[in-house]
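Just so you know, ligand 1 is whichever comes first in the structure, and atom 1 is the first atom listed for that ligand. The structure presented is a predicted model; accordingly, all values stated were derived computationally and were not measured.
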Amino acid sequence: MGDGPVVVRPMGAADAGAVAALSGQLGYPATAPQIAGRLEAARRDPGGGLYVAEAEGRVLGWIHVVAFHDLESDPYAEIAGLVVDAGARRRGVGLALLEAAEGWARERGYREIRVRSNTARAEARPFYLKRGFTIVKTQYVFQKPLAS
Ligand SMILES: CC(C)(COP(=O)(O)OP(=O)(O)OC[C@H]1O[C@@H](n2cnc3c(N)ncnc32)[C@H](O)[C@@H]1OP(=O)(O)O)[C@@H](O)C(=O)NCCC(=O)NCCS
């Protein structure tokens, strides 16, 4: 199952289980209830788009695109997350999801799309380069827990 034509559609609450399983493949394990909660919050945010790719009713991948309005640059869209099932790669699923994200951004007037990708993600580099992205910098990511 899942070998048929690929369709990209908005992510819905019923996708939480499949999206959670794929998040594990992305290196961010999560339970279906955790994803359902995050999804509900993200769907309320008009500054973001969430899509899944499916074939024959099986979810093969997902993408999350968000908008940024900061003082340093004109507004832009950024891919916050993208993953395709390891068993469904190299058949255009990632590209279909990327096109949906770019379409989301274009329709809202954003003139640039960015993605920050861990240098350890070997497949991501040729994928984005092939699709017209260029590497503009490498950076450290700092994080800190905030006490309540
Ligand atoms: C990166 C990823 C989303 C690509 O998804 P995909 O469905 O396999 O990509 P596509 O089939 O649409 O590939 C489109 C093109 O990208 C390039 N590409 C994709 N994967 C590649 C790989 N492993 N090696 C070399 N080129 C690759 C190819 O040019 C490919 O076209 P081709 O197959 O006709 O040669 C997928 O490998 C993935 O989920 N990786 C793990 C998570 C990840 O890295 N996410 C990105 C986070 S920023």
Side-chain angles (χ1 to χ4, degrees), residues 1-43 45 47-70 72-108 110-144:
M1 200 165 97
D3 294 331
V6 174
V7 175
V8 175
R9 60 165 174 79
M11 192 184 291
D15 298 315
V19 169
L22 289 168
S23 295
Q25 288 191 29
L26 191 58
Y28 297 97
T31 63
Q34 280 174 320
I35 291 290
R38 293 174 196 164
L39 176 56
E40 200 182 312
R43 285 173 73 203
D45 178 3
L50 292 145
Y51 298 93
V52 293
E54 70 176 3
E56 295 170 15
R58 188 175 151 227
V59 173
L60 302 177
W62 60 260
I63 196 163
H64 185 192
V65 55
V66 293
F68 275 92
H69 295 258
D70 58 36
E72 299 145 2
S73 49
D74 288 330
Y76 61 93
E78 184 166 304
I79 295 163
L82 163 65
V83 62
V84 172
D85 187 285
R89 291 181 190 163
R90 298 305 290 271
R91 49 178 273 209
V93 177
L95 177 61
L97 286 163
L98 187 55
E99 281 175 354
E102 290 182 7
W104 179 94
R106 226 180 278 112
E107 281 163 21
R108 286 158 183 79
Y110 297 100
R111 298 180 63 191
E112 185 178 278
I113 187 158
R114 302 182 187 178
V115 58
R116 283 175 286 142
S117 179
N118 191 322
T119 52
R121 295 194 191 283
E123 322 88 83
R125 186 185 163 110
F127 173 75
Y128 289 117
L129 291 176
K130 175 90 183 277
R131 297 302 154 194
F133 287 71
T134 54
I135 296 171
V136 293
K137 65 178 170 184
T138 53
Q139 58 186 181
Y140 290 112
V141 175
F142 297 94
Q143 74 176 31
K144 171 188 167 182

Atom pair [atom1]/[atom2] of [X] and [Y] - distance to nearest 0.5 Å:
X      : Y      : atom1 : atom2 : answer
Trp62  : Leu22  : CH2   : CG    : 8.5 Å
Tyr128 : Ile79  : OH    : CD1   : 4.5 Å
Leu95  : Glu102 : CG    : CD    : 8.5 Å
Trp104 : His64  : CH2   : NE2   : 8.0 Å

Side chains of [X] and [Y]: does their closest heavy-atom pair fall under 4.5 Å?
X      : Y     : answer
Arg9   : Val59 : yes
Arg111 : Asp74 : no
Arg91  : Val6  : yes
Arg58  : Asp3  : no

If the condition is salt bridge (Lys or Arg N to Asp or Glu O under 4.0 Å), which residues does Glu99 pass it with, not counting sequence neighbours?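 Not a single residue meets the salt bridge (Lys or Arg N to Asp or Glu O under 4.0 Å) criterion with Glu99.
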Is the count of non-hydrogen atoms from other residues, nucleotides or ligands lying under 6.0 Å from [X] atom [atom1] greater than 12?
X      : atom1 : answer
Glu40  : CD    : no
Arg116 : CZ    : no
Arg125 : CZ    : no

Going by the atom numbers of ligand 1, which of them fall below 4.0 Å from some non-hydrogen atom of [X]?
X      : result
Lys130 : 29 (O), 31 (O)
Arg91  : 11 (O)
Val93  : 7 (O), 12 (O)
Ser117 : 48 (S)
Val83  : 39 (O)

For [atom], what's the nearest protein heavy atom and its distance?
atom                    : result
atom 44 (O) of ligand 1 : Arg121 CD, 3.2 Å
atom 15 (C) of ligand 1 : Arg131 NH2, 3.6 Å
atom 45 (N) of ligand 1 : Leu82 O, 2.8 Å
atom 40 (N) of ligand 1 : Glu123 OE1, 2.9 Å
atom 17 (C) of ligand 1 : Phe127 CA, 3.7 Å
atom 42 (C) of ligand 1 : Leu26 CD1, 3.5 Å
atom 11 (O) of ligand 1 : Gly92 N, 2.8 Å
atom 12 (O) of ligand 1 : Leu95 N, 2.8 Å

Taking distance alone, with N or O pairs closer than 3.5 Å, would you say [X] contacts ligand 1?
X      : value
Arg116 : no
Ala88  : no
Pro126 : no

Select one of side chain, backbone, both or neither to describe which atoms of [X] lie under 4.0 Å from any atom of ligand 1, heavy atoms only.
X      : answer
Arg90  : both
Gln25  : neither
Arg89  : both
Tyr128 : side chain

Can you say whether the rings of Tyr76 and Phe68 are parallel (under 30°), tilted (30 to 60°) or perpendicular (over 60°)?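 Parallel, since the angle between the ring planes stays under 30°.
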Among Val84, Leu60, Leu97, which one has a heavy atom closest to atom 5 (O) of ligand 1?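 Minimum heavy-atom distance to atom 5 (O) of ligand 1 goes to Val84.
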Specify whether the nearest protein heavy atom to atom 2 (C) of ligand 1 is under 4.0 angstrom away.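 For atom 2 (C) of ligand 1 the answer is no, since every protein heavy atom stays at 4.0 Å or beyond.
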